[in-house]
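All residue numbers refer to positions in the sequence shown, counting from 1. Since the model is a prediction, treat every value here as computed from it, not as a measurement.
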Amino acid sequence: MATGKTDPDRRERILAAVLDLIAEDGVAGVSHRKAAARAGVPLGSMTYHFASMDELLREAFTRFSSTVVAVFEERLGAATTADEARAAVVGLVHHLSSGNQRDLILTQELYTLAARRPAYRELTRAWMARSRTILERHFDPDTSRQLDALIEGLSLHRALDTEPHERAVTVEAVERITAGGTSDGREGAGQAGPPRS
């Protein structure tokens with residue numbers, strides 16, 4: 001096993017291992033021993049890099065939330081008009097709901113922790129604020145807040161439904177919420193361009 005001096009990526013490997021374990025067994029199934037074994041590091045390096053299990057979980061979930069925000073940025077960053085932004089939101093819903101179950105499970109595990117513990121609620125609040133900041137490049141703050149909730153809700157419903165709804169349903173929902181709610185004040189109902197995946 002590599003020593004800390006020759007293993008500069010050890011901390012990142014531990015965080016990745018913890019996220020994998022959460023996806024497989026839930027937060028309750030994570031232990032320092034399991035994480036060390038999954039990451040291929042000595043057990044002692046767990047407490048060297050992370051003072052407590054709580055710190056380990058918070059950093060792992062912070063890393064995960066950043067990857068989701070990066071997807072928001074990738075999908076919405078190229079939009080230059082309100083119509084393109086609407087199409088990007090539609091594409092984002094279908095991308096998130098058609099992805100692997102791992103991200104869905106990690107999101108729900110984080111929300112469960114946030115419902116019980118204030119420190120994790122702050123983490124989810126920061127995550128939502130970052131997502132809304134990206135949306136606010138194209139839509140007013142109230143519309144962005146509604147869209148953020150719509151993205152998560154529709155993504156979850158599509159991912160868990162045995163017969164996920166069609167893209168047309170997502171297009172209509174986005175158009176309804178964004179009618180008149182673009183950042184430049186333009187009316188927008190029914191003007192969305194063809195959605196892109």
Side-chain angles (χ1 to χ4, degrees), residues 11-30 35 49-79 84-161 164 170 173-174 177-178 181-183 197:
R11 185 183 182 87
E12 288 302 307
R13 288 210 321 279
I14 292 170
L15 292 173
V18 168
L19 289 172
D20 287 342
L21 288 170
I22 294 169
E24 291 173 11
D25 302 319
V27 170
V30 177
H49 288 288
F50 303 97
S52 65
M53 179 59 72
D54 190 59
E55 179 184 336
L56 177 58
L57 289 173
R58 278 190 284 111
E59 290 210 29
F61 276 124
T62 298
R63 178 183 182 186
F64 168 67
S65 65
S66 292
T67 65
V68 179
V69 171
V71 174
F72 265 69
E73 181 65 56
E74 177 187 353
R75 291 272 163 171
L76 284 154
E84 288 179 356
R86 290 186 190 91
V89 169
V90 172
L92 181 60
V93 168
H94 288 256
H95 171 78
L96 293 174
S97 59
S98 301
N100 59 52
Q101 290 292 301
R102 178 181 183 272
D103 288 356
L104 175 67
I105 293 169
L106 289 172
T107 300
Q108 298 313 306
E109 288 283 338
L110 174 54
Y111 286 167
T112 299
L113 273 176
R116 293 190 177 114
R117 299 168 67 178
Y120 294 91
R121 200 167 306 143
E122 177 57 28
L123 198 163
T124 57
R125 187 206 63 76
W127 175 4
M128 290 185 284
R130 291 171 68 191
S131 299
R132 288 197 298 269
T133 296
I134 295 170
L135 289 165
E136 285 174 12
R137 296 175 193 165
H138 310 286
F139 307 101
D140 65 60
D142 287 343
T143 301
S144 295
R145 182 179 293 272
Q146 293 166 13
L147 273 178
D148 193 31
L150 177 76
I151 291 166
E152 292 196 26
L154 285 183
S155 298
L156 178 61
H157 281 224
R158 288 196 82 254
L160 296 180
D161 201 332
T170 310
V174 171
I177 287 178
T178 61
T182 59
S183 58
S197 58

Nearest heavy-atom pair of Ser155 and Ile151: which atoms, and what distance?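 Smallest heavy-atom distance, with atoms named: OG-O, 2.6 Å.
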Non-hydrogen atoms of Leu106 and Leu19 that approach each other most closely: CD2-O, 3.5 Å
Using the test side chain to side chain donor-acceptor pair (under 3.5 Å), find all partners of [X] that sit at least two apart in sequence or belong to another chain.
X      : value
Asp54  : Arg58, Arg117, Tyr120
Ser131 : none
Ser97  : Arg158

To the nearest 0.5 angstrom, please state how far the [atom1] atom of [X] sits from the [atom2] atom of [Y].
X      : Y      : atom1 : atom2 : value
His49  : Leu15  : NE2   : CG    : 10.0 Å
Leu147 : His138 : CG    : NE2   : 11.0 Å
Ile134 : Glu74  : CD1   : CD    : 11.0 Å

Using atom types as modelled and distance alone, determine if a side-chain donor or acceptor of Thr178 lies under 3.5 Å from a backbone N or O of Val174. yes
Between Ser144 (side chain only) and Phe139 (backbone N and O only), is there a donor and an acceptor less than 3.5 Å apart? yes
Does a side-chain heavy-atom distance below 4.5 Å link Val93 with Leu150?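 SC-SC contact between Val93 and Leu150 ruled out.
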Phe61 side chain near Thr107 side chain, heavy-atom distance below 4.5 Å: no
Please name all residues satisfying salt bridge (Lys or Arg N to Asp or Glu O under 4.0 Å) with [X], sequence neighbours left out, ordered by chain then number.
X      : answer
Arg11  : Glu59
Glu122 : Arg125
Arg145 : none
Glu73  : Arg137

Can you list everything that forms a ring pair (Phe, Tyr, Trp, His ring centres under 6.0 Å) with Phe64? Sequence neighbours excluded, please.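 Trp127.
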Tell me the salt bridge (charged side-chain N to carboxylate O under 4.0 Å, His left out) pairs involving residues 97-116, sequence neighbours left out?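 Matches after skipping sequence neighbours: Asp20-Arg102.
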List in chain and number order the residues that pass side-chain contact (heavy atoms from CB on, under 4.5 Å) with [X], two or more places apart in sequence or in another chain; answer none if no residue qualifies.
X      : answer
Leu104 : Gln101, Gln108, Leu156, Ala159, Leu160
Arg130 : Ser66, Val69
His95  : Val71, Arg75

Assess the residue pair Thr62 and Leu123 against the criterion (side chain to side chain contact (heavy atoms under 4.5 Å, CB included)); give the C-alpha distance rounded to whole Å, side-chain angles, the decisive distance to 0.1 Å, and a yes or no. CA-CA 7 Å; Thr62 298; Leu123 198 163; 3.4 Å; yes
Check against side chain to side chain contact (heavy atoms under 4.5 Å, CB included), Glu12 and Arg63: CA-CA 9 Å; Glu12 288 302 307; Arg63 178 183 182 186; 3.4 Å; yes
For the pair Thr133 and Phe72, evaluate side chain to side chain contact (heavy atoms under 4.5 Å, CB included) and give the outcome as yes or no after the intermediate values. CA-CA 10 Å; Thr133 296; Phe72 265 69; over 6 Å; no
Pair Arg121, Tyr111 - check side chain to side chain contact (heavy atoms under 4.5 Å, CB included), show working. CA-CA 8 Å; Arg121 200 167 306 143; Tyr111 286 167; over 6 Å; no
